[in-house]
Amino acid sequence: MELGWLLWGAAVLLLLHLLMELSPAVNFVLRIGFYYVLCIVCSGLTAPVCLLVNGGRTVKNMRIIKTVVKSFKYFFGLRFEVKGLENFDVEGPAIIVSNHQSILDMMGLMEVLPDGCVQVGKKELMYAGTVGLITYLGGVIFINRKSTTSAKMVMAEVAKTMTADNVKVWVYPEGTRNCTGDLLPFKKGAFHLAVQAQVPVIPVVYSSFTTFYNPKKNLFTSGKIKVEVLPPIETKGLTSDDVSDLTDRCYNIMRETLFRLSGRSGEGKDSS
Ligand SMILES: CCCCCCCCCCCCCCC(=O)SCCNC(=O)CCNC(=O)[C@H](O)C(C)(C)COP(=O)(O)OP(=O)(O)OC[C@H]1O[C@@H](n2cnc3c(N)ncnc32)[C@H](O)[C@@H]1OP(=O)(O)O
Ligand SMILES: CCCCCCCC/C=C\CCCCCCCC(=O)OC[C@@H](O)COP(=O)(O)O
């Protein structure tokens, strides 16, 4: 009886393997499906640990979440090559901005996430079952992208509290996922926040995923991701009049770095 089950199991695995080899679509759906399941299951298992250790919604839970998520890369054959981590060592709070390519970014985020850092996320994430619960417990700041007024109010509140709470805030200034190998124009929320709180902006750039991940082409294989944490950009003394320049400056530096890390040197200069 037990041998029978074993043989059935082996046959199913073999069939799945053959299907994955034969069809890129099956390979993609199975791999991304597994990522979703991993996120949902691990969030469900991690939430009680966060509650037991830290008692409720706090940035301290990000340490626990980070430890769990850092193991995900091994399931997908992803490798991270990280440079510039010392640039996170600024005194006190800061705004971290990075490029946003895919839901896989969560792995890259946790690979380098400094202590005491929360992310700004769309409020729809809160309703994503166990993933919503874990993002809530981790202290993610939820914004309503459909209401500029409400999003700006939340960000203004963060500007007031981040210094007192001594937290770093991670924002994806493109405002949405973009897996084209280039950057979308930056929204200015992160830079208003940095100027209002008078804290530095630290850009983080991930190389393009396009060689190993492309949902339009059903591509999801193993791959290497280069990550660079760039030197902080000071905002002391800047006012709201300087936000556009600050945004353009960050955009240009990050685009240049993105192209360099992705093997497209020289294309990024002065093209905001
Ligand atoms: C175990 C498994 C576990 C899994 C656990 C996972 C945990 C990790 C979770 C990670 C979560 C990551 C989630 C990522 C996301 O959800 S990305 C999407 C959400 N994020 C953003 O959208 C951030 C970027 N967006 C912005 O900054 C926008 O500017 C925003 C504030 C949202 C407003 O957007 P919008 O309505 O589109 O308006 P505009 O950007 O066009 O701005 C309009 C004018 O207002 C000015 N502005 C903007 N912000 C401010 C501000 N704070 N103060 C003053 N003025 C502001 C802006 O400059 C525009 O005016 P001008 O045109 O310049 O005159
Ligand atoms: C009871 C309800 C059950 C719902 C189940 C929902 C399943 C969701 C589960 C797992 C997904 C794991 C995602 C991890 C979080 C990644 C955050 C992220 O990358 O969000 C995308 C957002 O930045 C931009 O969104 P858009 O590109 O504008 O769109």
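We count ligands from 1, going down the list as the structure has it; atoms in each ligand are counted the same way.
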Query - Distance filter under 4.0 Å to V131 heavy atoms, resulting ligand 2 atoms - result: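 Listed by number with element, the hits are 9 (C), 10 (C).
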Report task. With the side chain counted from C-beta on, respond yes when E111 and V227 share a heavy-atom pair under 4.5 Å apart, and no when they do not. Result -> no
Query raised in the report: Considering distance alone, does some N or O of T176 sit under 3.5 Å from an N or O of ligand 2?
Result: yes
Query raised in the report: Do ligand 2 and Y35 have nitrogen or oxygen atoms that lie under 3.5 Å from each other?
Result: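 No; every N/O pair is 3.5 Å or more apart.
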Query raised in the report: Of the backbone atoms (N, CA, C, O) and the side-chain heavy atoms from C-beta on, which set of I103 has a member under 4.0 Å from an atom of ligand 2: side chain, backbone, both, or neither?
Result: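 Both parts.
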Requested in this report: Would you kindly specify which portion of I40 sits under 4.0 Å from ligand 2, judged on non-hydrogen atoms: side chain, backbone, both or neither?
Outcome: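 It is the side chain that gets close, since no backbone atom is under 4.0 Å.
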Query raised in the report: Among the heavy atoms of Y127, does any lie under 4.0 Å from an atom of ligand 2?
Result: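 It does; at least one heavy atom falls under 4.0 Å.
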Requested in this report: Run the contact test for E124 against ligand 2 with a 4.0 Å cut-off on heavy atoms, strictly below, and give the result.
Outcome: no
Give the residue, atom name and distance (to 0.1 Å) of the protein heavy atom nearest [atom].
| atom | answer |
| --- | --- |
| atom 3 (C) of ligand 2 | G129 N, 3.9 Å |
| atom 25 (O) of ligand 2 | K122 NZ, 3.0 Å |
| atom 16 (C) of ligand 2 | M106 CG, 4.1 Å |
| atom 22 (C) of ligand 2 | H100 NE2, 3.6 Å |
| atom 20 (O) of ligand 2 | L125 CD2, 4.2 Å |

Report task. Could you check which of R177, R145, E174 puts a non-hydrogen atom nearest to atom 29 (O) of ligand 2? Result -> R177
Show every donor-acceptor pair shorter than 3.5 Å between a side-chain atom in residues 34-54 and any protein atom, with sequence neighbours excluded, or say none if there are none.
residue: Y35; atom: OH; partner: I103; partner atom: O; Å: 2.8
residue: S43; atom: OG; partner: C39; partner atom: O; Å: 2.6
residue: T46; atom: OG1; partner: C42; partner atom: O; Å: 2.5
residue: N54; atom: ND2; partner: N61; partner atom: OD1; Å: 2.8

Identify all N/O pairs between ligand 1 and the protein with a separation under 3.5 Å and present them as a table of atom names and distances.
residue: ligand 1; atom: 16 (O); partner: K122; partner atom: N; Å: 2.8
residue: ligand 1; atom: 27 (O); partner: G189; partner atom: N; Å: 3.2
residue: ligand 1; atom: 29 (O); partner: G189; partner atom: N; Å: 3.2
residue: ligand 1; atom: 36 (O); partner: T148; partner atom: OG1; Å: 2.6
residue: ligand 1; atom: 37 (O); partner: K187; partner atom: NZ; Å: 2.6
residue: ligand 1; atom: 45 (O); partner: K152; partner atom: NZ; Å: 3.1
residue: ligand 1; atom: 53 (N); partner: Q196; partner atom: NE2; Å: 3.2
residue: ligand 1; atom: 55 (N); partner: H192; partner atom: NE2; Å: 3.4
residue: ligand 1; atom: 58 (O); partner: H192; partner atom: NE2; Å: 2.9
residue: ligand 1; atom: 63 (O); partner: K188; partner atom: NZ; Å: 2.8

